[in-house]
Amino acid sequence: MLFKQQALLRQKLLVLGSLAIGSLLYLVARVGSLDRLQPLCPIDSRFGPHGQEEIPLRALQFKRGLLHEFRKGNATKEQIRLHNLVQQLPKAIIIGVRKGGTRALLEMLNLHPAVVKASQEIHFFDNDENYAKGIEWYRKKMPFSYPHQITIEKSPAYFITEEVPERIYKMNSSIKLLIIVREPTTRAISDYTQVLEGKERKNKTYYKFEKLAIDPNTCEVNTKYKAVRTSIYTKHLERWLKYFPIEQFHIVDGDRLITEPLPELQLVEKFLNLPPRISQYNLYFNATRGFYCLRFNIVFNKCLAGSKGRIHPEVDTTVITKLRKFFHPFNQKFYQITGRTFNWP
Ligand code: A3P
């Protein structure tokens, strides 16, 4: 009798336990799917009485869901029409600098509900063949977005390519331009490291950084070496200033974006006239990666690919000193023009 009662009790407990677990799983799944699938409120209601944008946080999660599907090309024409989605030309472009942290900046800005990134580097303005395809080709490369959102693309080669400022100016003379810079010598070594890795992947040998950065005939800095030239930021910026006033540029501190991303992102939000939406919640430090990673919501988070944050080869300290001395006057000029001072040596 006692045994029978115990078995019955066990059975009841089992049923209750399964019910509780089932409900819990249902709730978790429901919260996740709600985040991703609940449609956005009508666009107008997102603007406050003073025309200030008030984007519900949920829009952020929604963006990860539906827009992601659209972006992957899984949307039908009917869905695109129904959701009023458009492919917009960028309102802001991250024009460089290569290895400054351009990918991190784009991905982090994409955390903002009003920002939609073009995932690939489009290379429209720096590549003659692409440019010849015309502006509609460029627009078609843009992701789908809601009309109130802004599209941002990044192609770091824009910063150093001669023809680009004029071409961008012809598209939109009031476009906002973002430049992310790092301490010039570190950036040059990072640039070298990327090329070196490419060579190693193809089982090729490559010169040491020291050999490329220093001219063996003069023992001076080799200004013909592209990684060095790219780090002379002021020279490139001066070309851009023939077309755009300095107010249209915002300089991002790439070194600070690594160690303390939020304040840098807040400055960008301000520059882009976006309401502050990116918060500390969206950024968490991943000790294994040694970098900040991105948190979209309780379900989605991601770190940048392993190709971002490579270990740099050790470089002879005399070469580093020489390079830093070389960059110094150019840096001073850059601070003067941009009004942003860095603690570069
Ligand atoms: P290193 O690989 O030299 O460390 P870009 O995207 O322009 O190619 O820049 C790459 C650089 O972005 C990396 O250079 C890395 O230091 C920097 N970076 C900044 N924030 C990062 C992040 N959260 N995760 C990974 N890399 C980041």
Side-chain angles (χ1 to χ4, degrees), residues 88-110 112 114-118 121-126 138 150-184 186-188 191 229-258 260-276 278 327 329-344:
Q88 308 185 72
L89 289 174
K91 291 254 165 53
I93 304 182
I94 301 170
I95 56 173
V97 179
R98 175 183 151 95
K99 304 322 292 173
T102 53
R103 173 57 60 185
L105 178 61
L106 182 73
E107 297 294 334
M108 287 174 181
L109 288 178
N110 192 53
H112 196 290
V115 172
V116 181
K117 63 162 186 184
E121 290 181 9
I122 318 267
H123 289 282
F124 176 62
F125 297 104
D126 63 310
Y138 184 51
I150 62 163
T151 303
I152 300 188
E153 83 124 325
K154 77 118 179 162
S155 295
Y158 290 168
F159 186 57
I160 56 158
T161 310
E162 194 90 23
E163 300 81 9
V164 174
E166 186 181 358
R167 289 176 176 178
I168 293 188
Y169 182 84
K170 280 183 182 158
M171 176 189 72
N172 178 359
S173 61
S174 59
I175 196 156
K176 302 208 173 194
L177 301 163
L178 294 159
I179 308 173
I180 178 162
V181 290
R182 269 164 96 189
E183 190 276 308
T186 312
R187 196 221 63 82
D191 199 330
R229 280 212 318 272
T230 303
S231 283
I232 310 176
Y233 306 139
T234 184
K235 285 275 175 228
H236 302 288
L237 183 61
E238 278 165 34
R239 259 186 314 103
W240 283 84
L241 289 172
K242 289 185 189 140
Y243 292 89
F244 298 97
I246 193 69
E247 295 73 33
Q248 262 168 259
F249 295 86
H250 176 75
I251 311 297
V252 178
D253 184 341
D255 294 309
R256 192 165 173 231
L257 193 84
I258 296 174
E260 213 187 336
L262 188 60
E264 280 304 315
L265 296 169
Q266 286 169 333
L267 290 175
V268 181
E269 285 181 325
K270 218 174 194 174
F271 172 70
L272 297 177
N273 290 326
L274 294 171
I278 303 171
F327 287 125
F330 297 113
N331 295 343
Q332 298 303 312
K333 188 92 184 284
F334 186 69
Y335 302 161
Q336 197 192 332
I337 296 175
T338 60
R340 199 157 181 193
T341 305
F342 300 95
N343 289 324
W344 299 335

*Would you check, one step at a time, whether the test side chain to side chain contact (heavy atoms under 4.5 Å, CB included) holds for Y233 with I251?*
CA-CA 11 Å; Y233 306 139; I251 311 297; over 6 Å; no

*In sequence, state the C-alpha distance, the side-chain angles, and the governing distance for E238 and K333, and then conclude on salt bridge (Lys or Arg N to Asp or Glu O under 4.0 Å).*
CA-CA 10 Å; E238 278 165 34; K333 188 92 184 284; 3.1 Å; yes

*Please walk me through it: do L241 and I337 pass side chain to side chain contact (heavy atoms under 4.5 Å, CB included)?*
CA-CA 10 Å; L241 289 172; I337 296 175; 3.5 Å; yes

*Take I152 and I150 through the side chain to side chain contact (heavy atoms under 4.5 Å, CB included) test and state the conclusion after the steps.*
CA-CA 7 Å; I152 300 188; I150 62 163; 4.3 Å; yes

_Residues E107, K117; criterion side chain to side chain contact (heavy atoms under 4.5 Å, CB included); working and verdict_ = CA-CA 8 Å; E107 297 294 334; K117 63 162 186 184; 3.0 Å; yes

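Partners of Y138 according to the side-chain contact (heavy atoms from CB on, under 4.5 Å) rule, which considers only residues two or more places apart in sequence or in another chain, are L89, P90, I93, I122, F124, F125, I135, M142, E153, Y158, M171. Listed by chain and residue number, E269 satisfy the side-chain contact (heavy atoms from CB on, under 4.5 Å) test with P276 (two or more places apart in sequence, or in another chain). With sequence neighbours excluded, the residues satisfying side-chain contact (heavy atoms from CB on, under 4.5 Å) with Y335 are N331, Q332, T341, F342, W344.
Contact annotation: the side chain of R98 approaches that of D191 to within less than 4.5 Å [non-hydrogen atoms, C-beta and beyond]. Side-chain contact between R239 and K242 is present, with heavy atoms from C-beta onward closer than 4.5 Å. Between P184 and T186, every side-chain heavy-atom pair lies at or beyond the 4.5 Å cut-off. A heavy-atom distance below 4.5 Å is found between the side chains of I95 and F249. Within the 4.5 Å cutoff, the side chain of L265 has heavy atoms near those of the L257 side chain. Taking 4.5 Å as the limit, some side-chain heavy atom of R103 sits within range of a side-chain heavy atom of K154. F244 places a side-chain heavy atom less than 4.5 Å from the side chain of I175.
Proximity of a side-chain donor or acceptor of H112 to a complementary backbone N or O of P275 within less than 3.5 Å is detected. Side chain of H250 to main chain of K270: no donor-acceptor pair is present (N/O by atom type, distance under 3.5 Å, no hydrogens or angles). The backbone N or O of F334 lies less than 3.5 Å from a partner atom in the side chain of T338, making a donor-acceptor pair. With hydrogens and angles ignored, the 3.5 Å screen pairs no side-chain donor or acceptor of R187 with any backbone N or O of K99. Proximity of a side-chain donor or acceptor of E264 to a complementary backbone N or O of D253 within less than 3.5 Å is detected. Of the possible donor and acceptor atoms, none in the side chain of S173 sits under 3.5 Å from a partner among the backbone N and O of Y169.
In this structure, CG on L237 lies 10.0 Å from CG on L177, to the nearest 0.5 angstrom. Between the CZ atom in R167 and the CD atom in E162 there is a gap of 11.0 Å [rounded to 0.5 Å]. Atom CD1 of residue I179 and atom CG of residue L105 lie 11.5 Å apart, to the nearest 0.5 angstrom. Here H236 contributes atom NE2 and S231 contributes atom OG; the two are 8.0 Å apart, rounded to the nearest 0.5 Å. Taken from CD1 in I180 to CG in D255, the straight-line distance is 8.5 Å, to the nearest 0.5 Å. Expressed to the nearest 0.5 Å, how far CD1 of I94 lies from CG of L178 amounts to 5.5 Å.
Looking at every heavy atom in both residues, L272 comes nearest to A92 through CD2-CB, 3.7 Å.
Stacking of K235 on the aromatic ring of F330 is not recorded, the 6.0 Å distance cut-off and the 45° axial limit not both being met.
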